[in-house]
Amino acid sequence: MDDGRLSCRQEHPFLAWVKKETGISLNSSQQQAVLHKDGPLLLLATPGAGKTTVLNLRIAYLLLEHQADPRQILALTFSRAAARDMEARFLNLFGRWIRQPIRFSTIHSFAYQVVANYFRRRQRPFKVIENETGFNSKSAVLKSICQRFYAAVVSEEKLEELANAIGYVKNAMLPLADIDKLDFKINHLKEIYLAYEQYKKTSNAPTVLLDFDDMLTLAHDILEKETGLLAFYQNQYRYIMTDESQDTSLIQHKIIEKIARPHDNLFMVGDEDQAIYGFRGAAPRYLLEFKQTYPGAKVIAMTENFRSSQEIVNLTNRFIKANQKRYAKEMFTRNAGHKPVHVCKFKHEGEQWEYLVRQLSGAGDLSQKAIIYRNNASAIGLINKLEQRGIPFYLRDFKNRFFNHWVVEDVLNFLRFSYNDKSTAVLERIHTKLNPFISKDDLTFLKGLGETGICLTVLAERYAGDSKKARGFLKLQKYFNQLNKLSPQWAIRFIRQEMKYEESAERICNNLGYSFDNVKSILANLEHIAGGLPGHQEFAGRLKELEKIMAEAQNNRGRNAVTLTTMHSAKGLEFQRVYLIDLVEGVIPGAESIKKGNQDSLEEERRLFYVGMTRAARELFLLTVENYQQEQVQESRFVKEVRQILQPADRAAATQAQPVSKPPAAGMFVDHKKFGVGKVLSVNMGKDTLRVGFENGQVKDLLYSVCVENNLIRIL
Ligand SMILES: Nc1ncnc2c1ncn2[C@@H]1O[C@H](COP(=O)(O)OP(=O)(O)OP(=O)(O)O)[C@@H](O)[C@H]1O
């Protein structure tokens, strides 16, 4: 077994000093890596093997032992959050001794420096439009180009897909001719791409507009052509280090390659089993070809996991082996066993959240706990619940598109119109989603009357000669009259089903290439949020409140708060206890990967699951549900595999961990399969009864055990 710590060879003074000051005692492969001074080195490691730790120790080694100038060091990683985390860890270990700043940076930000330097020398103005607002922002420009091609407004999610596709082309350095071969479901991708590039070059001349990925393309071209500038960076950065290199894209590798020459003092750290950004053009293959690019390079493997318990390491080591495209490696740990890995199945998300709340209430230091999910959509209902139950949380890297999504706007406008049925302005916002359809001509007619009558009644009169249509409008008006008498949760379901909003939304999704699954997910989340709220105003207010809460929760880093993060953003982090949630087919692996049935894409999903699991140091909980967003689902194939891998003892624990559903308390809302949504008026467990008042006014006494046994009710 590889154990430099037990070796009786004399210890290097720097390592002895590190041990004394930081308590870190390195194994032999870590020692070799830390003490590596010159030449290319690839450190291939498993999760928790100390990659980031070693990288930081090596920086300290170069500075303290070899008196390297801190300005000669460039430490690169894939995201701002990761660069911040790496710097924080460095300062925590060595801040007392090394006071000069070190450049911990993303590759994008390094590329920005090159581009800015180049334009400054040429006195040419440029502007970064990535996160701008206004008509020249990246999203506004793409939106207006799409509108030209699609003759329709493009949704935020489609825009994100498009931006990913454009980014992919640049990161993977694809020739234009290959765009059509890409597996993105975007009509006119090539034409939009070309129009976008053209716009940035010419629309604001002489100012050049650039997005983030243009920085990479441009930095690469500049370093290729401007030998003087290239020599400047080559001289400045004598030691280059890259963390999480499996997620570095081809163009990023090429930039790094250029500035590392001729010394090739490149220290590249990565784990191809944690490559999770293939969809953005990451090139993990580059790691496998390192020796061809840098002949004579040293390659060190680190397979000892210092983070996780025996149980977690054994499980995850076996789990990842099912992937074909990887280096064979055996991760091991000398850490003690702790607790079996738990696999828990719940009826639905509500029950899963209840379980999480119970687990986290009074559970000590929350900063050491994380809830990790595949998609941000999993966070919304969970956050609603955590906030209601007073559990503080830190929301990491959340892209908040939920509250501004057109579906949310639609639902609010349906509710608004139910109170203000003379408003043509509100009607105009939803007219294409109503049944019967309201034409532009109808709207012009209504506007001409100046909001004097109830819109739908006026239209019924207008179409008096067409009795079917007239009846349709009157029925719709009746629905709106009913809508404002329903509780918010029931009202949303009414909009979805009775008023056939889902049908209209599906039609729109099909026409414009939006994801209907996403629409259903948003509607389900809205129902969750509405659950238990008495009125429509409270519902609209709660949405506003949640939006604010979620923005604020992004500042809770480092506080006593449970971390909520996607699997992607969890990379590089560790927690004593980790819950992976919503582990169902269609979520992880995602629906697209399943549909494609493509090995590469399923392998990436497995790696994502692996990244999630390997964040856990001592306790790992895998949570799955039978019903996800109101539809019956299968548990994730990865959960099934985990069950098979777990030893019998673990399996027993997994079974024990099945939650027992608690009876609802008075005041809670339940959804009964037959009677619909109702409020629990009283509970008498001695008599096994629940008294529930339903939306239609009926009050029923239900036998609780019968409801549970037959799966008739769920708590909302
Ligand atoms: N030699 C060591 N002795 C004790 N603990 C160590 C040692 N090396 C690393 N660690 C600890 O192990 C944990 C994992 O280290 P680190 O985060 O550097 O690993 P990593 O390889 O970057 O992980 P990942 O790729 O999974 O994000 C950290 O808590 C770190 O402090």
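Starting from 1, each residue takes its place in the sequence as its number. Order of appearance sets the numbers: ligands from 1, and atoms from 1 within every ligand. All values derive from a computational prediction rather than experimental measurement. Only this structure's heavy atoms are used, side chains among them; waters, hydrogens and symmetry mates stay out.
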> Considering only heavy atoms of L26, which atoms of ligand 1 have at least one such atom less than 4.0 Å away?
Replying inline: 1 (N)

> Could you give the distance from OG1 (T248) to CG (L76), rounded to the nearest 0.5 Å?
Replying inline: 8.5 Å

>> Classify the ring geometry of F346 against Y355: parallel below 30°, tilted from 30° to 60°, perpendicular beyond 60°.
In response: tilted

> Considering only heavy atoms of R89, which atoms of ligand 1 have at least one such atom less than 4.0 Å away?
Replying inline: 15 (O), 16 (P), 17 (O), 18 (O)

>> Please list, in number order, the atoms of ligand 1 under 4.0 Å from a heavy atom of S25.
In response: 1 (N), 2 (C), 3 (N)

> Taking atom 18 (O) of ligand 1 as the point of reference, which of T53, L57, T46, I24 owns the nearest heavy atom?
Replying inline: T53

>> Does the plane of the ring in H36 sit parallel, tilted or perpendicular to the ring in F267? Use 30° and 60° as the thresholds.
In response: tilted

> Under 4.0 Å from ligand 1, counting heavy atoms only, is it the side chain of M302, its backbone, both or neither?
Replying inline: neither

>> Please report whether ligand 1 has a polar contact with G50, defined as an N or O pair separated by less than 3.5 Å (distance criterion only).
In response: yes

> Among the heavy atoms of G48, does any lie under 4.0 Å from an atom of ligand 1?
Replying inline: yes

> What do the steps show when you test Y239 against R58 for side chain to side chain donor-acceptor pair (under 3.5 Å), and what is the final call?
Replying inline: CA-CA 10 Å; Y239 298 99; R58 182 180 180 248; over 6 Å; no

> Any idea which atoms of ligand 1 are less than 4.0 Å away from a heavy-atom of R307?
Replying inline: 14 (C), 17 (O), 19 (O), 23 (O), 24 (P), 26 (O), 27 (O)

>> In this structure, is the centre-to-centre distance between the rings of F78 and H568 below 6.0 Å?
In response: no

> Going from CG on L315 to OH on Y610, what distance comes out if it is rounded to the nearest 0.5 angstrom?
Replying inline: 10.5 Å

> Counting only heavy atoms not in K298, do more than 12 fall under 6.0 Å of its NZ?
Replying inline: yes

> If hydrogens are left out, which of R615, K19, K51, Q30 has an atom nearest to atom 21 (O) of ligand 1, that is, the closest non-hydrogen atom?
Replying inline: K51

> For ligand 1, is any non-hydrogen atom under 4.0 Å from E574's backbone (N, CA, C, O), its side chain (CB onward), both, or neither?
Replying inline: side chain

> Do any nitrogen or oxygen atoms of P47 lie less than 3.5 angstrom from nitrogen or oxygen atoms of ligand 1?
Replying inline: no

>> Classify the ring geometry of F94 against F90: parallel below 30°, tilted from 30° to 60°, perpendicular beyond 60°.
In response: tilted

